[in-house]
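A short write-up of the structure that comes next.
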Amino acid sequence: MCGIVGYIGERDCTEVLLDALSKLEYRGYDSAGIAVFEDGEITVEKSKGELKNLRDKIDKNHKPDGHCGIGHTRWATHGEPSDINSHPHGSRRVSIVHNGIIENYKDIKKFLAGKGYTFVSETDTETVAKLLDYYYQGDPIEAIIKTLNDIRGAYALGILFKDYPDCIFAVRKDSPLIIGAGKQENFIASDVPAILKYTRDYYLLEENEIATIKSDKIEFCDIHRQKIEKQVQVSNLDMDSAEKGGYEHFMLKEIHEQPTAVRTTIAPRIVGGMPDLSECGLTLEDLKKYRKFFIVACGTAMHAGMVGKYVIEKLARTEVTVDIASEFRYRDPIVTPNDLVIVISQSGETADTKAALHLAHKKGAKVLSIVNVKGSSIARESDMVIYTHAGPEISVASTKAFSVQMSVMYLLAFEMAYAKGHINKAECMRLTAELAKIPDMIDKTMECEQKCKYVASKLITAQSLLYIGRGLDYALSMEGSLKLKEISYIHSESYAAGELKHGTISLVDDGMPVIGVATQSELIEKTVSNIVEVKSRGAFTITVCKEGTEFSEDVMDEVIELPVLEDVLMPMLTVIPLQFIAYYTAVLKGLNVDKPRNLAKSVTVE
């Protein structure tokens, strides 16, 4: 959510800021802006809409000429998307960019108004800029510390003080920010891809640490002005992986990257034919002792958790509760020190998931995180971490992250079932061997792409549609429905197929598309019966099933067949056509697939 960048060095600052912001477009935004030191003044340019609008405005009006500045892509929280509400925001002597939400901004605004300050925007961010100005008496660090003592909420701040044209200041709480270290040039950024073109070396900024960044020096201190020594991190991200590589969209590229991502994730965790998660400190003895498991996540990651629940309960016969992170936070869950809380997040910065982690710790439970980004907040604050080696996922709609999250849940389920004595070693090895074949099976499943494109052509005029399934198929129908609505803007809902007669079937009328997911052998007859029910009421039916599944004549309008695999592992294949259907529906509608409206890649606020 939002993107912050900053640069100080000998390069053209405006060009560096615009280039770095372009690498953060995947995070989601509705406006963009930069502030650059130019001839002793802070020049600000900002614009509503895409980054292209800002560049066009700069090319037409004025390109700031300087070597130190900050930039931002905004995702509106307070105040509609507009030029005025875009960041950076400033006062007489300060300009800032901000990710996050200031919860008490109204009180601060009222206080500052009483001191003679006026406000031009509707944002919470402007109050922080004015508060910094209010406290500034020539010492930037002192002003920052006093401001932090007054504000409540989540923030990552990049700050320029007019009196310090050779310096950028940065601070964060609950919103990610890194400091890039170059040669005679340094950077700030919300995420590593923004600076990969210039440097792989960076520092992780911890909560309420203040960074002072010059072209030749980076210093850190805490809110008591105590100096902090930090160790430089080195990114191993591949620049090519952050580019489209010949694909029309990042989403399509990332769908096709799933065989490699799954293979890279599971291969190091299979030792001697058995799942081995000891790297994160999770032993067989640990798995035996836990009373109950909670899986907590948001969106697509929560659907991976649903798959995990079905598989763990089936194989390990252990109770698993899956919670949407925002609900887990506020329902006062009954969590004990004998439970394990598993949190799943692609970015490792998801605000509600991170808050759920904190709640679990308060209740004395251990936390295992499944994340894709090394060094992320959730990874650092968890007791145990399993990294999903998917590489950067740029498209807002998650694809390969979902597959690798599921693959980790399978490894966890197999090891847990073995630890608790519900399967023997031979069965555990058999299941693990089947999982190891999945990357090749996903490759084969990609052959359904053209059929999915054809099916998508039948959906582009739909006003609404349903996804239905039972058991693991229901979990996948939830993910398929989410993908479609995320990027095609077609209203879509998923329902447990057995619930149709309890109200939902009233929505079905002539021509309404219904996508039935029917891969589970034990449930196939019942699921097909539900598909027949909607077909008899005029629905246009699309069925995703195993190759060779037999249906009565004229029951299905379109069938997408998948390679045959053991039922419990079918979600790893089933997701592929559901992703393709969503992708091609959006493409055929002419929509921006990688950057859907109103959405952000990393949701770092509630």
Side-chain angles (χ1 to χ4, degrees), residues 277 280 282 286-346 348 350-371 378 381-386 388 401-402 405-423 469-479 481-482 494-496 498-499 520 523 568 571 603 606:
L277 301 176
C280 71
L282 193 63
D286 290 331
L287 290 170
K288 285 180 187 177
K289 72 183 182 184
Y290 291 120
R291 175 190 73 100
K292 183 178 177 180
F293 294 84
F294 291 83
I295 300 176
V296 184
C298 302
T300 285
M302 189 273 289
H303 298 156
M306 287 293 294
V307 172
K309 171 186 170 68
Y310 280 114
V311 179
I312 291 170
E313 290 191 338
K314 181 178 181 64
L315 297 178
R317 309 309 298 161
T318 299
E319 185 179 358
V320 180
T321 297
V322 178
D323 268 291
I324 297 169
S326 55
E327 292 298 310
F328 181 84
R329 291 179 62 182
Y330 297 115
R331 71 172 176 85
D332 195 15
I334 303 172
V335 179
T336 76
N338 297 319
D339 302 324
L340 179 66
V341 176
I342 303 168
V343 299
I344 310 174
S345 168
Q346 188 280 138
T350 312
D352 282 316
T353 306
K354 188 160 63 170
L357 180 158
H358 297 159
L359 177 60
H361 276 159
K362 285 181 181 178
K363 291 178 177 289
K366 294 288 187 182
V367 176
L368 166 67
S369 64
I370 299 171
V371 297
I378 288 174
E381 295 177 32
S382 298
D383 300 291
M384 297 164 281
V385 185
I386 300 175
T388 55
F402 178 69
Q405 288 162 359
M406 281 197 296
S407 70
V408 169
M409 296 310 299
Y410 280 110
L411 288 171
L412 186 61
F414 299 164
E415 190 164 21
M416 195 182 302
Y418 175 64
K420 291 182 174 290
H422 292 288
I423 60 174
R470 291 172 180 260
L472 284 167
D473 287 336
Y474 173 48
L476 270 292
S477 75
M478 293 169 66
E479 174 60 12
S481 176
L482 175 62
S494 60
Y495 286 92
E499 278 290 287
Q520 300 297 298
L523 301 169
V568 74
V603 183
E606 289 189 55

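Along the sequence shown, residues carry numbers from 1.
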Only counting residues at least two apart or in another chain, list the ones meeting ring-ring contact (aromatic ring centres under 6.0 Å, His included) with F328.
-> none
Establish, from distance only, whether the side-chain atoms of S345 and T350 form a donor-acceptor pair under 3.5 Å.
-> yes
List for me each residue that meets ring-ring contact (aromatic ring centres under 6.0 Å, His included) alongside Y310, sequence neighbours excluded, and say none if there are none.
-> none
Sorted by chain and residue number, the side-chain hydrogen bond (donor to acceptor under 3.5 Å, both in side chains) partners of E327 (sequence neighbours excluded) come out as none
Shortest non-hydrogen contact from M409 toward A304 = CG-O, 3.9 Å
Y495 side, atom OH; R470 side, atom CZ - distance, nearest 0.5 Å | 16.0 Å
Side-chain heavy-atom pair I342, L412 within 4.5 angstrom cut-off = yes
Got a sec, which residues hit side-chain hydrogen bond (donor to acceptor under 3.5 Å, both in side chains) with T300, two or more places apart in sequence or on another chain?
-> E479, K483
Indicate yes or no for a side-chain donor-acceptor contact from K420 to the backbone of L287 under 3.5 Å, with no hydrogens or angles considered.
-> yes
Keeping the roles fixed (side chain from D473, backbone from Q520), state whether a donor-acceptor pair exists under 3.5 Å.
-> yes
Do any side-chain atoms of residues 360-368 form donor-acceptor pairs under 3.5 angstrom with protein atoms, and if so which ones, sequence neighbours left out?
{"unit_1": "H361", "atom_1": "NE2", "unit_2": "D383", "atom_2": "OD2", "d": "2.8"}
{"unit_1": "K363", "atom_1": "NZ", "unit_2": "D332", "atom_2": "OD1", "d": "3.1"}
{"unit_1": "K363", "atom_1": "NZ", "unit_2": "P333", "atom_2": "O", "d": "3.3"}

Atom of H303, atom of M478 and distance for their closest heavy-atom approach = CE1-O, 3.4 Å
Ignoring hydrogens and geometry, is there a side-chain-to-backbone donor-acceptor pair from T318 to A316 under 3.5 Å?
-> yes
Rounded to the nearest 0.5 Å, how far does CD1 of I324 lie from CZ of R331?
-> 11.0 Å
Is any side-chain heavy atom of T321 less than 4.5 Å from a side-chain heavy atom of I295?
-> no
Say whether, by atom type as modelled, one donor and one acceptor occur between the side chain of Y410 and the main chain of V568 under 3.5 angstrom.
-> yes
Residue pair V385 / C280: nearest heavy atoms and the distance that separates them | O-CB, 2.9 Å
Got a second to check how far I334's CD1 is from F294's CZ, nearest 0.5 Å?
-> 7.5 Å
Starting at CD1 of I423, measure out to CD of E415 and round the result to the nearest 0.5 Å.
-> 10.0 Å
Using the test side-chain hydrogen bond (donor to acceptor under 3.5 Å, both in side chains), find all partners of H358 that sit at least two apart in sequence or belong to another chain.
-> E381
Does E313 come within less than 4.0 Å of R317, counting only side-chain N to carboxylate O?
-> no
Run the salt-bridge test on D339 and R291 with the 4.0 Å N-O cut-off and return the result as yes or no.
-> yes
What distance do K309 atom NZ and D323 atom CG have between them, rounded to the nearest 0.5 Å?
-> 10.0 Å
Exam field: side chain T388 to backbone V371, donor-acceptor pair closer than 3.5 Å | yes
Over all heavy atoms of both residues, which pair between S369 and I378 is shortest? Give the atoms and the distance, please.
-> CB-CG2, 3.6 Å
Side chains of Y290 and L282: does their closest heavy-atom pair fall under 4.5 Å?
-> yes
For the student: nearest non-hydrogen atoms of M302 and A297, plus distance | N-CB, 3.5 Å
Spatial distance of atom CZ (F402) from atom CD1 (I344) [nearest 0.5 Å] = 9.5 Å
Any donor-acceptor pair under 3.5 Å from S481 side chain to S477 backbone | no
Search all heavy atoms of V307 against all heavy atoms of A475 and return the closest pair with its distance.
-> CG2-CB, 4.1 Å
